[in-house]
Amino acid sequence: GQQVMQIPQYQHVQEGEDFTTYCNSSTTLSNIQWYKQRPGGHPVFLIQLVKSGEVKKQKRLTFQFGEAKKNSSLHITATQTTDVGTYFCAGGSSASKIIFGSGTRLSIRP
Amino acid sequence: DSGVTQTPKHLITATGQRVTLRCSPRSGDLSVYWYQQSLDQGLQFLIQYYNGEERAKGNILERFSAQQFPDLHSELNLSSLELGDSALYFCASSSGTGSTYGYTFGSGTRLTVV
């Protein structure tokens, strides 16, 4: 069945450093969504990418969807303590459901 | 407040017992999804309902069942509880049933089985 892999599992950075998490699917995706879950909180929808090669930005966050629509990345520039949390990608398939990746937990040294 | 309401927020119960978790979706959303998140783990998809009908099933145990009522709220029933069922249970809703709809999650029900 379809699988969505996400790496790394954990990332610990110094405040101000950049951070990137990668998402890879075993099959071609129709779309990719990204969610953020703060510690003790619930996942919150960040963005959706649909087009091959699409790049979207939200302030310091840059989201990319691969040309083959099988991978995606989230890059955070100059991390801040408010960026702490777990970032999940979720790949959409023709079966009309999304498959969540295992998440990347980001922690930050002030 | 995300608009998705889950009750109760916390639940402590003994092994072998049965509990019911409740979810009210965001106004206008027809789809409800249930997820299980064990400590420091990912989101395990359990089941989806759309406008009262079951649409997709994930790795949901036979001891678990769910339904969506005419007013679109949903209940997840967990029976013969085991210690390993201790987890955070999230409900999410979306306006449609396709994969291009973003999910709105509730704040979750933390279940502790002792």
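Keep in mind that this is a model prediction, so the values were computed, not measured. Computation of the quantities below employed the complete heavy-atom set of this structure, encompassing side-chain atoms and omitting hydrogens, waters and symmetry-equivalent molecules. Proteins come first, then strands; the chains are lettered A, B, ... in the order of their sequence lines, and each starts at number 1.
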Residue A:Gln37 versus chain B: region with a heavy atom under 4.5 Å:
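Side chain of A:Gln37 only, per the 4.5 Å heavy-atom cut-off to chain B.
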Over all heavy atoms of both residues, which pair between A:His42 and B:Ser2 is shortest? Give the atoms and the distance, please.
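Answer, listing the atom of A:His42 first, then B:Ser2: NE2-CB, 4.1 Å.
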Once rounded to the nearest 0.5 Å, what's the spacing between atom [atom1] of [X] and atom [atom2] of [Y]?
| X | Y | atom1 | atom2 | value |
| --- | --- | --- | --- | --- |
| B:Tyr103 | A:Gln33 | OH | CD | 7.0 Å |
| A:Ile98 | B:Tyr33 | CD1 | OH | 7.0 Å |
| B:Gln37 | A:Phe88 | CD | CZ | 5.0 Å |

If we define contacts as heavy-atom pairs under 4.5 Å, which of A:Ile47, A:Asn31, A:Val50 has the most with chain B?
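Of the options given, most contacts go to A:Asn31.
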Within one Ile-Leu-Val-Met-Phe-Trp-Tyr cluster: A:Leu61 and A:Val13, side-chain cutoff 4.5 Å:
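Yes, it is one cluster - the side chains of A:Leu61 and A:Val13 are joined through contacts under 4.5 Å.
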Do B:Leu81 and B:Leu46 belong to the same hydrophobic cluster, where Ile, Leu, Val, Met, Phe, Trp and Tyr are linked whenever their side-chain heavy atoms lie under 4.5 Å apart, directly or via other members?
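Yes, one cluster joins them.
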For atom [atom1] of [X], is the number of surrounding heavy atoms from other residues, nucleotides or ligands below 6.0 Å larger than 12?
| X | atom1 | result |
| --- | --- | --- |
| B:Asp71 | CG | yes |
| B:Leu61 | CG | yes |
| A:Gln14 | CD | yes |
| A:Gln9 | CD | no |

B:Phe105/A:Phe45 aromatic ring centres below 6.0 Å:
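No, the ring of B:Phe105 stays outside the 6.0 Å limit from the ring of A:Phe45, centre to centre.
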Mind checking what makes ring-ring contact (aromatic ring centres under 6.0 Å, His included) contact with B:His73, not counting sequence neighbours?
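For B:His73, the residues satisfying ring-ring contact (aromatic ring centres under 6.0 Å, His included) (neighbours in sequence not counted) are B:Phe69.
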Of the backbone (N, CA, C, O) and the side chain (C-beta and beyond), which part of B:Gln44 lies under 4.5 Å from a heavy atom of chain A, both, or neither?
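Neither; nothing under 4.5 Å.
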Under 4.5 Å from any heavy atom of chain A, what part of B:Tyr35 do you find: side chain, backbone, both or neither?
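Side chain of B:Tyr35 only, per the 4.5 Å heavy-atom cut-off to chain A.
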Just give me the residue among B:Gly108, B:Gly106, B:Ala56, B:Ala92 that pairs up with chain A most often, heavy atom to heavy atom, under 4.5 Å.
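Most pairs with chain A among the choices: B:Gly106.
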Do any N or O atoms from the side chain of A:Gln48 and from the backbone of B:Thr100 form a donor-acceptor pair under 3.5 angstrom?
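A pair under 3.5 Å: yes.
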